[in-house]
Amino acid sequence: ELVRQGEALKRTEQMVDKMDQDLKTSQRHINSIKSVWGGLVNYFKAKPPESKPEQNGTPEYYANSRLKEAMMSSKEQESKYQESHPNLRKLDNSDNDFSKADLVSSVQRDSYPKNQHLRAYHQKIDNNLDEMSSGLSRLKNLALGLQTEIDEQDDMLDRLTKKVETLDVNIKSTDKKVRQL
């Protein structure tokens, strides 16, 4: 949603730049209509170059790379998460599967209790904690990406607000000139 909003802000900024350019052209026409001297000044004055909205100091909008990376890694981890999540995976009634405990290396076995049932539960708890850690890491990366994107869009909104205020003043001035004609 933030990426979509960023693209909408960029399009809005480009439209405001285009409106500003059109307003300058309108002011030139008003000057030529207003008086002969205004027409002569416009004739000898260099025509303002028509520039594309991207060239008016606003770079092309691309979503924050940090956000994109976080979204990509989140999508990659999502399938793994769904396979291992107890509510999302297919239930296999072998909840007390102790064969997994046999796969634990001898070094790790020594860190778990001697009781086979306790060892299996400790291993299960460790696996769940690893999954929680992975999920929290994913959430952290997404949050950092979102924060960076929000900061960039906030700067874009500030820039857009200044442009709109300037454009509003220029439109009122041009409207006043047209009414005087």
Side-chain angles (χ1 to χ4, degrees), residues 1-21 51-169:
E1 184 66 20
L2 271 178
V3 171
R4 185 193 63 75
Q5 288 176 0
E7 291 169 354
L9 281 173
K10 180 62 182 172
R11 284 192 306 272
T12 303
E13 191 171 17
Q14 289 173 347
M15 287 189 288
V16 167
D17 289 341
K18 176 79 170 101
M19 289 171 63
D20 187 44
Q21 194 173 21
S51 61
K52 294 181 181 176
E54 293 86 14
Q55 295 173 347
N56 288 344
T58 56
E60 188 65 30
Y61 179 78
Y62 295 106
N64 182 312
S65 61
R66 189 176 202 173
L67 177 61
K68 283 184 177 180
E69 289 172 9
M71 287 172 43
M72 292 299 289
S73 72
S74 178
K75 287 179 183 178
E76 290 171 5
Q77 291 178 0
E78 187 174 355
S79 62
K80 294 176 189 174
Y81 175 72
Q82 287 180 354
E83 290 172 3
S84 65
H85 192 277
N87 292 333
L88 299 176
R89 69 176 177 221
K90 292 181 182 176
L91 292 177
D92 57 352
N93 293 328
S94 61
D95 195 26
N96 293 330
D97 187 11
F98 299 114
S99 62
K100 292 179 185 175
D102 295 336
L103 298 175
V104 178
S105 69
S106 61
V107 174
Q108 287 180 332
R109 266 190 203 173
D110 293 338
S111 65
Y112 292 113
K114 302 273 188 209
N115 185 328
Q116 192 177 24
H117 295 287
L118 284 176
R119 185 180 310 134
Y121 285 118
H122 278 262
Q123 181 66 36
K124 193 173 189 178
I125 288 171
D126 285 347
N127 290 340
N128 288 343
L129 287 173
D130 288 342
E131 288 178 23
M132 286 174 57
S133 174
S134 172
L136 287 173
S137 172
R138 192 173 102 211
L139 286 174
K140 176 188 170 194
N141 288 336
L142 282 170
L144 290 172
L146 290 172
Q147 181 61 44
T148 307
E149 182 70 19
I150 288 170
D151 289 342
E152 288 178 3
Q153 288 186 17
D154 189 38
D155 293 341
M156 193 182 303
L157 281 171
D158 289 342
R159 202 171 54 238
L160 187 59
T161 301
K162 289 176 186 173
K163 286 181 180 183
V164 168
E165 288 172 353
T166 303
L167 186 64
D168 185 46
V169 169

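These numbers come from a predicted model, not from an experiment. Side chains included, hydrogens not; waters and symmetry mates left out as well; all remaining heavy atoms used.
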Subject >> Step-by-step side-chain contact (heavy atoms from CB on, under 4.5 Å) determination, Asp20 to Lys163 >> reply: CA-CA 9 Å; Asp20 187 44; Lys163 286 181 180 183; over 6 Å; no
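Atom CD of Gln147 and atom CD of Glu152 lie 11.0 Å apart (nearest 0.5 Å). A distance of 9.5 Å separates CG of Leu118 from CD1 of Ile125, quoted to the nearest 0.5 Å. A distance of 4.0 Å separates CD of Glu1 from CZ of Arg4, quoted to the nearest 0.5 Å. Atom CD of Gln5 is separated from atom CD of Glu7 by 10.5 Å, given to the nearest 0.5 angstrom. We find the CG-CD distance between Leu160 and Gln14 to be 11.0 Å, quoted to the nearest 0.5 Å. Distance CG/Leu9 to CG/Asp155: 11.5 Å, rounded to 0.5 Å.
Residues Asn128 and Lys124 meet the side-chain proximity criterion, which asks for heavy atoms closer than 4.5 Å. The shortest distance between side-chain heavy atoms of Arg159 and Met156 falls below 4.5 Å.
The closest donor-acceptor contact from the side chain of Ser134 to the backbone of Asp130 lies at 3.5 Å or more, if one exists at all. Judged by distance alone, the side chain of Ser137 and the main-chain N or O of Ser133 form no donor-acceptor pair under 3.5 Å.
A donor-acceptor pair shorter than 3.5 Å can be found between the side chains of Asn127 and Gln123. Side-chain N/O atoms of Gln21 and Asp17 include no donor and acceptor closer than 3.5 Å.
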